[in-house]
There are 2 protein chains.
Amino acid sequence: MLNANRDIQRTPAHTRSQVLTHALNLFTGQGYFNTSVHDIAHASKVSVGSIYHHFKDKEGIARTLYEELLTQMVEEITDILRNHTTAHSRCRAITELLFEITVVTPETMEFIIYAKHREFLPGEFPICSSKPFVMMREIVAEGMETGEIHTMDPTVATACLFGGSIRLITGYLDGVLEKRLPEYLEETWTCGWRAVAVV
Amino acid sequence: MLNANRDIQRTPAHTRSQVLTHALNLFTGQGYFNTSVHDIAHASKVSVGSIYHHFKDKEGIARTLYEELLTQMVEEITDILRNHTTAHSRCRAITELLFEITVVTPETMEFIIYAKHREFLPGEFPICSSKPFVMMREIVAEGMETGEIHTMDPTVATACLFGGSIRLITGYLDGVLEKRLPEYLEETWTCGWRAVAVV
DNA sequence: GTCTATACGACGATAGAC
DNA sequence: GTCTATCGTCGTATAGAC
């Protein structure tokens with residue numbers, strides 16, 4: 001996953017990362033159920049047998065992807081928590097992070113925020129119960145205690161603060177935006193913050 | 001068992017509506033690809049042959065559902081346009097409508113707002129390009145001309161105005177809200193409007 | 001660990017009787 | 001129009017050689 005573009009190797013680690021990379025592209029590009037293990041094998045230039053050696057089954061590939069991408073996102077939010085102190089600054093940084101991930105690795109964002117995980121990952125909790133989203137709500141809740149954000153239901157505040165950004169991101173992933181995504185950042189952030197900020 | 005079968009209506013219209021109703025439930029409950037035509041036949045108490053008499057194929061069922069539900073929503077928004085004049089009043093009414101549809105017929109809202117249509121309806125435009133969403137953006141744009149809403153990119157304004165509500169709705173559909181959905185209406189609307197309103 | 005070949009079940013769709 | 005029975009295909013997963 002991390003060392004995606006290297007010379008063609010046949011090491012186990014390389015096989016594994018190739019499979020994950022191409023599975024992510026196929027799952028987001030044409031959907032999990034429209035993607036066969038054979039498709040993944042072909043795109044990864046790896047045999048079906050190798051795939052089943054590294055992963056229990058097709059679902060296992062998706063689950064691994066889901067967990068690794070979420071873990072990565074948690075780390076990035078943790079960094080933001082370290083480098084920013086106010087709720088305003090932290091939420092702004094998270095918004096920038098979401099936009100950046102979307103532009104740099106749209107498949108990642110699509111798989112995290114836009115896929116219907118419950119349809120192919122039985123037992124998995126909804127994405128909004130996942131760690132990154134919980135962290136975002138905690139940041140908002142703390143912002144209420146410091147008086148930066150209106151005292152209200154934290155779920156509502158988080159939804160309204162980030163809801164606009166998420167709409168823009170899904171619009172970008174759907175290819176329906178007229179301008180490039182970053183051009184929407186300032187205005188979207190201003191609106192989102194205005195929705196919840198104490199004047 | 002056999003007696004029960006006598007009570008079942010066998011008119012074409014009844015067959016068609018039964019299939020659509022149960023297909024919607026199954027598609028939203030377990031996903032389009034996890035639902036077989038046999039499942040639909042069983043749930044609808046109709047034979048597979050009858051289903052294929054009324055619909056070209058499985059995709060045709062989903063496409064019919066999609067079109068009918070969107071048409072219904074367009075009519076409801078049209079009603080709102082008739083009965084309300086200001087952008088404030090119209091957007092508020094639309095927010096209430098979205099919440100009400102979600103509570104009364106969650107499958108409808110899930111199928112419209114939450115399904116990944118492009119994965120099973122090839123050629124279909126993304127939901128945010130659909131008529132209801134376009135109408136919402138037009139209402140917002142008019143609100144800018146009348147001075148009710150900040151002059152800004154209409155896409156951003158619409159995303160921020162309704163983004164919070166949509167997040168709450170998806171949270172409800174995912175079953176992760178602590179309170180019942182209507183209890184969030186006032187606060188969510190207030191936040192959304194504050195995000196874009198001219199003071 | 002990686003590969004090819006294959007078993008086997010599931011599902012979409014059709015045929016043809018009533 | 002509705003039904004049952006069946007066909008053909010596709011895709012997951014495994015077996016077993018290298």
Side-chain angles (χ1 to χ4, degrees), chain A residues 1 3 6-66 117 119-123, chain B residues 1-27 29-66 117 119-123:
Chain A
M1 280 288 284
N3 47 359
R6 299 190 66 174
D7 296 337
I8 301 175
Q9 299 174 0
R10 300 255 162 138
T11 70
H14 182 257
T15 298
R16 192 189 129 97
S17 81
Q18 284 295 100
V19 169
L20 287 176
T21 301
H22 290 94
L24 176 60
N25 285 334
L26 289 166
F27 289 165
T28 55
Q30 57 187 27
Y32 175 85
F33 292 103
N34 293 322
T35 302
S36 70
V37 175
H38 185 81
D39 290 339
I40 300 172
H42 183 78
S44 311
K45 296 184 175 47
V46 162
S47 71
V48 173
S50 279
I51 292 183
Y52 278 95
H53 175 78
H54 285 274
F55 303 93
K56 178 170 174 288
D57 50 17
K58 183 183 169 187
E59 186 184 316
I61 303 173
R63 185 160 269 121
T64 302
L65 271 175
Y66 189 68
H117 310 104
E119 289 183 3
F120 56 88
L121 293 179
Chain B
M1 278 299 208
L2 294 178
N3 282 342
N5 279 340
R6 259 199 257 135
D7 298 331
I8 297 175
Q9 297 181 25
R10 303 244 169 143
T11 70
H14 182 257
T15 298
R16 194 189 128 97
S17 82
Q18 283 295 101
V19 169
L20 287 175
T21 301
H22 289 95
L24 176 61
N25 285 334
L26 290 166
F27 288 165
Q30 58 187 27
Y32 175 84
F33 292 103
N34 292 322
T35 301
S36 69
V37 175
H38 185 82
D39 289 339
I40 300 173
H42 183 78
S44 311
K45 296 185 173 49
V46 162
S47 71
V48 174
S50 279
I51 292 183
Y52 278 94
H53 175 79
H54 284 274
F55 303 93
K56 177 172 174 286
D57 50 19
K58 183 183 170 186
E59 187 184 314
I61 302 173
R63 186 159 268 122
T64 302
L65 271 175
Y66 189 67
H117 310 104
E119 289 184 4
F120 57 88
L121 294 179

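All values below were derived from every heavy atom in this structure, side-chain atoms included, with hydrogens, water molecules and symmetry-related copies excluded.
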Choosing from C:dG1, D:dG1, C:dC3, which nucleotide comes nearest the side chain of A:Pro12?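 Comparing C:dG1, D:dG1, C:dC3 against the side chain of A:Pro12, the answer is C:dG1.
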Expressed in angstrom and rounded to an integer, what is the separation of [X] atom [atom1] from [N] atom [atom2]?
| X | N | atom1 | atom2 | result |
| --- | --- | --- | --- | --- |
| B:Ile40 | D:dC3 | CD1 | C1' | 18 Å |
| A:His53 | C:dT2 | NE2 | P | 6 Å |
| A:Gln18 | C:dG1 | CD | C1' | 16 Å |
| B:Phe55 | D:dT2 | CZ | P | 11 Å |

Table please: side-chain donor-acceptor pairs of residues 47-54 of chain A below 3.5 Å, with sequence neighbours left out.
unit_1, atom_1, unit_2, atom_2, d
A:Ser47, OG, A:Ser50, N, 3.2
A:Ser47, OG, A:Ser50, OG, 3.4

If only atom types and distance count, is the side chain of B:Ser44 paired as donor or acceptor with the main-chain N or O of B:Ala41 below 3.5 Å?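 Such a contact is absent between B:Ser44 side chain and B:Ala41 backbone.
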Under 4.0 Å between a side-chain N or O of B:Thr15 and OP1 or OP2 of D:dG1?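 Answer no for this pair, as no side-chain N or O of B:Thr15 is under 4.0 Å from OP1 or OP2.
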Phosphate contact (D:dG1 OP1 or OP2) by B:Ser50 side-chain N/O below 4.0 Å: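 Negative; the distance criterion is not met.
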Once salt bridge (charged side-chain N to carboxylate O under 4.0 Å, His left out) is applied, do any residues pair with B:Arg63, and if so which ones, sequence neighbours excluded?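 If we apply the salt bridge (charged side-chain N to carboxylate O under 4.0 Å, His left out) test to B:Arg63, skipping adjacent residues, the hits are B:Glu59, B:Glu124.
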Restricting to side chain to side chain contact (heavy atoms under 4.5 Å, CB included), what partner residues turn up for A:His117, sequence neighbours left out?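 With sequence neighbours excluded, A:His117 shows a side chain to side chain contact (heavy atoms under 4.5 Å, CB included) to A:Tyr66, A:Ala115, A:Phe120, A:Leu121, A:Ile127, given in chain and number order.
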Please collect all salt bridge (Lys or Arg N to Asp or Glu O under 4.0 Å) contacts where either partner lies in residues 11-20 of chain B, sequence neighbours excluded, each pair once.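 Pairs touching residues 11-20 of chain B that pass the test: B:Arg16-B:Glu68.
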Going 5' to 3' through nucleotides 11-18 of chain D and flagging B where a protein heavy-atom sits under 4.0 Å of the base, S where only the sugar-phosphate is that close, and - otherwise, we get SSBB----
Keeping to residues at least two apart or across chains, list the side chain to side chain donor-acceptor pair (under 3.5 Å) pairs with something in residues 34-43 of chain A.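 Side chain to side chain donor-acceptor pair (under 3.5 Å) check on residues 34-43 of chain A returns A:Gln30-A:Thr35, A:Ser36-A:Asp39.
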